[in-house]
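To find a chain, count down the sequence lines: A is the first, B the second, and so on, and within it residues start at 1. What you see below is based on every heavy atom in this structure, not just the backbone, and it leaves out hydrogens, waters and symmetry mates.
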There are 2 protein chains.
Amino acid sequence: MSIQDPARIEQPPKRRRRSPEELRREALVSARRLLIESGPNAITLKGVGDDIGVTHANLIHHFGSAAGLQSALMESMVRDLADALDAAVAQLRSDTGAPRALVDAVFDAFDQGGAGRLAAWIALSGDLQHLEPVRAAVHDLVDAIVEKFAAEGEQTHGRVTSAVLFIALCAFGDAVIGPPLRDMLDREPDSGRKIVARLLPSFLF
Amino acid sequence: MSIQDPARIEQPPKRRRRSPEELRREALVSARRLLIESGPNAITLKGVGDDIGVTHANLIHHFGSAAGLQSALMESMVRDLADALDAAVAQLRSDTGAPRALVDAVFDAFDQGGAGRLAAWIALSGDLQHLEPVRAAVHDLVDAIVEKFAAEGEQTHGRVTSAVLFIALCAFGDAVIGPPLRDMLDREPDSGRKIVARLLPSFLF
DNA sequence: GACGATATCTACATAGATGTAAGTTACACC
DNA sequence: GGTGTAACTTACATCTATGTAGATATCGTC
């Protein structure tokens with residue numbers, strides 16, 4: 001196949017012109033992958049640009065600055081975490097939500113979407129204001145658990161916030177250092193979830 | 001006060017010549033403080049050098065490279081974490097170790113010693129081999145709890161490793177994202193410790 | 001007090017990340 | 001099909017972190 005193959009009528013355009021929304025979406029997907037696979041330091045303009053096939057200057061054009069890209073990534077991932085928590089709330093309110101299902105929903109939110117690593121990055125870098133959208137989702141989760149599970153009593157709200165704090169701490173910890181820790185203790189991959197699911201009823205009933 | 005004040009008999013030496021051990025110790029103390037206060041990206045040769053009053057070239061002379069400094073910091077902090085866990089073990093084996101005392105010991109190791117932020121940094125950067133010295137300390141902790149607390153039974157070892165996994169996950173999570181999470185839920189600062197201390201007996205008895 | 005080992009510094013070189021300015025091109029719209 | 005907007009690129013400038021080479025100063029030791 002020669003370089004100037006006459007069969008190739010239409011050359012692909014040298015440049016691909018994306019809509020601003022599409023480029024932002026592609027860049028954030030790439031940046032999230034880099035964060036999860038290679039850590040926060042891998043999120044650079046050149047790294048993301050090479051990954052999606054644009055120059056670093058173009059990323060600055062769309063995000064304003066490198067910090068703008070990082071902020072957009074934090075916002076995007078935090079929104080996904082909040083959505084995942086909201087989905088857990090919806091599931092809890094609709095059908096037969098067992099404690100283990102709730103635990104799985106929260107653990108998945110921190111683990112699969114990379115929210116655990118994101119939260120660790122935010123905490124280490126000190127940009128705590130980016131966690132703010134999670135607050136409403138957490139409150140919704142508290143309310144949903146109160147409706148669904150909690151026994152009546154004076155301490156109900158306190159017990160449920162304890163339960164949410166407990167689940168969130170464990171889900172976050174499990175997402176970030178669960179694998180090496182389970183390896184040290186020779187435990188199976190879902191042992192964290194099992195433990196939390198087993199302890200949860202002591203808060204709720 | 002003139003520059004050449006005759007009253008100032010002995011000028012302080014322009015350079016302070018430290019022993020290699022002393023410089024390494026000072027550098028690692030500074031690097032740990034920078035990690036805890038400003039995050040992993042603050043640990044630079046210039047940052048640490050300015051902090052302790054030496055040039056970055058001198059730090060390279062003593063640590064070999066920037067990566068050498070970071071590795072030394074990880075080793076130092078992991079050793080401190082292992083020592084703290086060993087201290088908790090010793091306390092557990094000697095006197096009246098209540099569950100809350102054990103919880104406080106582990107939580108303090110992760111929180112005050114900076115081990116939580118260290119572990120998050122290691123996990124995000126992928127240098128998991130640096131956590132290896134923790135393995136022995138964790139095993140010691142399991143053994144000590146088995147001796148001290150655990151009721152007799154077939155499942156004893158499994159229950160205790162569950163307890164250790166549980167404490168470690170919560171202590172790590174509490175050290176890294178405990179403050180913002182407690183703020184969202186309007187809980188007091190030691191609520192994480194309270195919860196863990198209250199749940200611990202269900203593993204041990 | 002002289003000397004030697006080496007801790008320490010200065011000066012320079014390099015690489016990567018970020019940012020700016022100006023030119024180029026794709027694509028919607030008329 | 002022409003035209004304008006703006007997505008996109010190239011080229012350049014800057015800043016920071018890291019690393020190297022050689023000069024210099026400090027301190028223990030004789």
- prompt: Looking at residues 23-36 of chain B, who's got a heavy atom less than 4.0 Å off DNA chain D?
  reply: none

- prompt: Counting only non-hydrogen atoms, which of residues 48-58 of chain B are less than 4.0 Å from DNA chain D?
  reply: B/H56, B/A57

query: When we call it a touch if two heavy atoms are under 4.0 Å apart, what does B/L45 touch: a base, just sugar-phosphate, or nothing?
result: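 Sugar-phosphate only.
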
query: NA contact type, B/S65, heavy-atom cut-off 4.0 Å: base, sugar-phosphate, or nothing?
result: sugar-phosphate

- prompt: Between B/G64 and B/R17, which is nearer to the 5' end of DNA chain D once each is assigned its nearest nucleotide?
  reply: B/G64

Whole angstrom value for the distance that separates [atom2] of [N] from [atom1] of [X]:
{"X": "A/F63", "N": "D/dA7", "atom1": "CZ", "atom2": "C1'", "answer": "14 Å"}
{"X": "B/R18", "N": "D/dA25", "atom1": "CZ", "atom2": "P", "answer": "18 Å"}
{"X": "B/L59", "N": "C/dT10", "atom1": "CG", "atom2": "P", "answer": "14 Å"}
{"X": "A/N41", "N": "D/dT16", "atom1": "CG", "atom2": "C1'", "answer": "14 Å"}
{"X": "A/I60", "N": "D/dT9", "atom1": "CD1", "atom2": "C1'", "answer": "13 Å"}
{"X": "A/K46", "N": "C/dA15", "atom1": "NZ", "atom2": "P", "answer": "14 Å"}
{"X": "B/R15", "N": "C/dC9", "atom1": "CZ", "atom2": "C1'", "answer": "5 Å"}

Is a salt bridge present between [X] and [Y], judged by a nitrogen-to-oxygen distance below 4.0 Å?
{"X": "A/D83", "Y": "A/R79", "answer": "no"}
{"X": "A/R135", "Y": "A/E132", "answer": "yes"}
{"X": "A/E26", "Y": "A/R16", "answer": "yes"}
{"X": "A/D190", "Y": "A/R100", "answer": "yes"}

query: Any side-chain donor paired with an acceptor under 3.5 Å for B/S76 and B/R25?
result: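 Their side chains do not contain a donor-acceptor pair, so the 3.5 Å distance test is not met.
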
task: For the residue pair A/S191 and A/R182, confirm or rule out a side-chain donor-acceptor distance under 3.5 Å.
output: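 Absent: no donor and acceptor within the cut-off.
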
query: Any donor-acceptor pair under 3.5 Å linking the side chain of A/H157 with the backbone of A/V142?
result: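 A pair under 3.5 Å: no.
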
- request: Output every pair passing side chain to side chain donor-acceptor pair (under 3.5 Å) with a member in residues 106-127 of chain B, not counting sequence neighbours, ordered by first then second residue.
  value: B/D108-B/R193

message: Looking at B/R16 and D/dT26, is any side-chain donor or acceptor paired with a base atom of the opposite kind under 3.5 Å?
response: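 Under the 3.5 Å cut-off, the side chain and the base do not form any donor-acceptor pair.
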
- request: Taking only the side-chain nitrogens and oxygens of A/H61, find out if one of them lies under 4.0 Å from OP1 or OP2 of D/dC8.
  value: no

- prompt: Which of parallel (below 30°), tilted (30 to 60°) and perpendicular (above 60°) describes A/F172 and B/F172?
  reply: parallel

